[in-house]
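Everything numeric here is computed off the predicted structure, so don't read it as measured data.
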Amino acid sequence: MDYINAFWVGGLICALVQILMEKTKMMPGRIMVLLVCTGAVLGAVGIYGPFQEYAGAGASVPLLGFGNTLWKGVKEAVETDGFLGIFKGGFEASAVGICAALVFAYVASLIFQPKMKK
């Protein structure tokens with residue numbers, strides 16, 4: 001049942017974002033920022049934790065989950081390091097994911113030889 005919940009919740013999030021992209025004039029970058037900020041706000045309010053428990057990877061993999069991860073990192077760092085935690089908490093919590101994205105993007109660029117659009 002965990003797989004089914006992850007699948008339908010992740011699919012619903014993707015479908016809603018696709019509708020947002022097609023029905024509004026928002027640029028994709030702004031939609032991505034909106035998703036990250038929404039995840040952080042839902043985490044701060046306390047809604048995203050139970051939602052992630054229910055949906056598993058369906059809620060933690062999309063950009064909403066990244067925003068929640070940033071929020072949790074900042075919250076924990078502020079509790080331990082005070083004001084300085086505001087600046088370093090998000091980096092510590094999401095460093096592995098960001099590093100993996102950069103490494104895999106670089107490897108993909110070596111394999112597929114991307115070309116610049118004119």
Side-chain angles (χ1 to χ4, degrees):
M1 196 66 186
D2 291 338
Y3 295 119
I4 293 171
N5 288 338
F7 181 77
W8 79 262
V9 170
L12 182 65
I13 290 170
C14 292
L16 292 174
V17 171
Q18 188 66 39
I19 291 169
L20 185 65
M21 289 176 68
E22 292 181 8
K23 299 295 181 185
T24 67
K25 294 184 179 184
M26 290 179 70
M27 300 296 289
R30 291 185 180 188
I31 292 173
M32 292 170 61
V33 170
L34 178 69
L35 289 169
V36 172
C37 292
T38 302
V41 169
L42 290 175
V45 175
I47 296 172
Y48 207 81
F51 177 62
Q52 191 171 359
E53 286 286 324
Y54 173 75
S60 64
V61 172
L63 284 173
L64 290 169
F66 180 68
N68 184 49
T69 300
L70 290 174
W71 164 252
K72 287 194 298 189
V74 169
K75 181 181 173 189
E76 291 171 5
V78 166
E79 290 172 356
T80 59
D81 300 328
F83 182 74
L84 192 60
I86 295 171
F87 303 105
K88 74 178 204 175
F91 291 115
E92 288 178 350
S94 62
V96 174
I98 293 171
C99 181
L102 291 172
V103 168
F104 291 133
Y106 179 71
V107 169
S109 73
L110 292 176
I111 294 171
F112 295 105
Q113 297 298 322
K115 295 176 180 69
M116 295 295 293
K117 290 184 179 181
K118 292 182 182 180

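- Distance CD/Glu22 to CG/Leu20: 10.0 Å, rounded to 0.5 Å.
- When the shell of 6.0 Å around CD of Glu53 is examined, it contains 12 or fewer heavy atoms from other residues, nucleotides or ligands.
- Atom CH2 in Trp8 sits 9.5 Å away from atom CD1 in Ile13 (nearest 0.5 Å).
- Ala93 and Gly73 get closest at one heavy-atom pair: CB-CA, 3.5 Å.
- Atom-to-atom distance recorded for Lys75:NZ and Asn68:CG is 10.0 Å, nearest 0.5 angstrom.
- Tyr54 has its ring centre no less than 6.0 Å from the ring centre of Phe51.
- Interatomic distance, CD of Gln52 versus CG of Leu42, reported as 11.5 Å (0.5 Å rounding).
- Here the closest heavy-atom approach between residue Ala77 and residue Gly89 is recorded as CB-CA, 3.5 Å.
- Taking CG of Leu35 as the start and CG of Leu16 as the end, the distance is 10.0 Å to the nearest 0.5 Å.
- The closest donor-acceptor contact from the side chain of Thr24 to the backbone of Met21 lies at 3.5 Å or more, if one exists at all.
- Within a 6.0 Å radius of CG in Asp81, more than 12 heavy atoms belonging to other residues, nucleotides or ligands are found.
- Counting heavy atoms from C-beta on, the side chains of Leu63 and Val17 never come closer than 4.5 Å.
- Environment of CE in Met32: sparse, with no more than 12 heavy atoms of neighbouring residues, nucleotides or ligands closer than 6.0 Å.
- Both Val9 and Phe66 are part of a single hydrophobic cluster, where members link through side-chain heavy atoms under 4.5 Å apart.
- Under a 3.5 Å cut-off, the side chain of Tyr48 and the backbone N or O of Gly65 do form a donor-acceptor pair.
- To the nearest 0.5 Å, atoms CD (Glu92) and OG1 (Thr69) are separated by 14.0 Å.
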